[in-house]
Number of protein chains: 2
Amino acid sequence: MEYKEAKDKFISTWGSLGSLWGINKAMAQIQALLFISTKPLSMEDIMEELKISRGNTSMNLRQLMDWGIVTKTLVAGERKEFFTTEKDVQELARIVAKERSRREIKPVIKVLEEVSSIKNDGSEKTKELIKQTKALHELTETMDVMINKLVDQKQNWITKSVLKLFK
Amino acid sequence: MEYKEAKDKFISTWGSLGSLWGINKAMAQIQALLFISTKPLSMEDIMEELKISRGNTSMNLRQLMDWGIVTKTLVAGERKEFFTTEKDVQELARIVAKERSRREIKPVIKVLEEVSSIKNDGSEKTKELIKQTKALHELTETMDVMINKLVDQKQNWITKSVLKLFK
DNA sequence: TTAAATTTTCAGTAATTATTGAAAGTTTAA
DNA sequence: TTAAACTTTCAATAATTACTGAAAATTTAA
């Protein structure tokens with residue numbers, strides 16, 4: 001496999017994976033492109049490389065910046081803006097985990113809390129609703145705590161401390 | 001908040017969350033409904049409760065069974081089929097984690113392996129592609145191993161052994 | 001200032017994904 | 001057997017989501 005083929009394969013695979021972890025294809029592909037680029041890319045570069053429109057590029061870059069994954073960089077002597085992505089995979093994982101916790105898990109926890117604390121009128125179905133949503137609440141919260149603690153361990157958290165636990 | 005409101009809130013929240021972790025709304029809502037039901041439900045019950053068509057119900061129940069989350073159960077004296085979902089949240093989490101690993105993570109790992117092992121022609125961009133996809137490969141594989149090990153710990157894996165690690 | 005370069009916004013459209021409903025298929029009781 | 005009860009399939013359609021392209025807005029060089 002040559003460079004071009006490998007690159008395209010990486011970008012398209014990462015792109016379709018993106019839609020699974022909650023971001024759209026273009027957003028994931030832009031990130032992938034920046035991730036393997038040796039230098040900052042302009043909007044033109046990205047549009048051309050991925051064959052997507054200016055508007056699409058602009059909107060998705062904005063979202064990536066909202067996530068904190070991509071940043072604008074100045075290139076000496078150039079008027080237009082250039083973009084780079086976080087290059088360290090572990091830092092990337094930390095950012096994604098934090099954002100997903102904030103955007104998705106926290107709101108669900110809130111609803112589960114509300115639902116599981118309704119008044120128990122003694123009926124079978126109310127008891128079951130309370131019991132099951134409580135269990136779900138506990139699980140979700142524990143996972144959320146785990147994720148956040150995990151990603152707070154800056155140095156080699158995965159390879160060092162966690163893996164050996166489950167040898 | 002009364003039972004009906006709490007139930008609806010739970011089902012709709014779980015439904016919209018579903019689309020985030022890779023299954024569609026109807027599928028997630030059916031699972032949610034079964035999860036808080038005190039008895040097995042028939043297709044009619046589900047259709048009526050969620051106001052969805054027979055076809056939709058049938059297809060999504062099938063998918064839930066493919067995932068191993070929902071099972072058919074016989075109800076004495078009844079001709080039609082009834083359905084139940086796994087009621088234990090931890091078992092549920094294990095099933096979901098395993099399935100996601102198999103369906104999503106494993107294929108990505110395969111591509112990352114391929115891409116990161118292309119011939120190094122010595123150019124900057126090839127070196128960067130190899131370096132970055134290798135890092136991603138390592139991270140993804142480690143996370144996958146973690147998830148699978150985690151969910152193999154049957155008893156109280158989360159609350160007992162993991163949480164205290166990150167106190 | 002101003003006008004060229006660049007980016008953003010957004011209405012319209014395209015592409016994708018989910019849902020319906022009815023016909024075809026299957027199962028079961030008698 | 002057969003016919004009623006029930007389930008599945010799938011073409012048609014609806015709903016949702018993504019993308020385009022051009023006009024409006026912003027930035028910068030002179």
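Letters A, B, ... mirror the listed sequences (proteins, then strands); counts begin at 1.
Residue side chain A:Arg79 reaches the base of D:dT28 through a donor-acceptor N/O pair under 3.5 Å, judged by distance alone.
Open room surrounds NZ on B:Lys110; 12 or fewer heavy atoms of other groups in view lie less than 6.0 Å from it. Annotation: A:Glu2, atom CD; neighbour count of heavy atoms from other residues, nucleotides and ligands within 6.0 Å does not exceed 12. Within 6.0 Å of CD in A:Glu48 there are 12 or fewer heavy atoms belonging to other residues, nucleotides or ligands. Within 6.0 Å of CZ on B:Arg62 lie no more than 12 heavy atoms contributed by other residues, nucleotides or ligands. By the neighbour-count criterion of 12 heavy atoms within 6.0 Å, atom NZ of B:Lys25 is sparsely surrounded, having that number or fewer from other residues, nucleotides or ligands.
Contact check on B:Glu44 versus B:Lys80 returns no salt bridge, with no Lys/Arg side-chain nitrogen under 4.0 Å from an Asp/Glu carboxylate oxygen. Classification of B:Lys127 and B:Glu124 as a salt-bridged pair holds, one side-chain N sitting under 4.0 Å from a carboxylate O.
Contacts between residues 55-73 of chain B and DNA chain C, defined by a heavy-atom separation under 4.0 Å, are made by B:Gly55, B:Asn56. Residues from residues 26-52 of chain B placing a heavy atom under 4.0 Å of any atom in DNA chain D, listed by number, are B:Met43.
Sequence order on DNA chain D of the closest nucleotides to A:Asn24 and A:Glu78 puts A:Asn24 first from the 5' end. Sequence order on DNA chain D of the closest nucleotides to A:Ile23 and A:Arg54 puts A:Ile23 first from the 5' end.
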Evaluation steps, salt bridge (charged side-chain N to carboxylate O under 4.0 Å, His left out), between A:Glu86 and A:Arg94
CA-CA 11 Å; A:Glu86 169 62 52; A:Arg94 293 181 63 230; over 6 Å; no
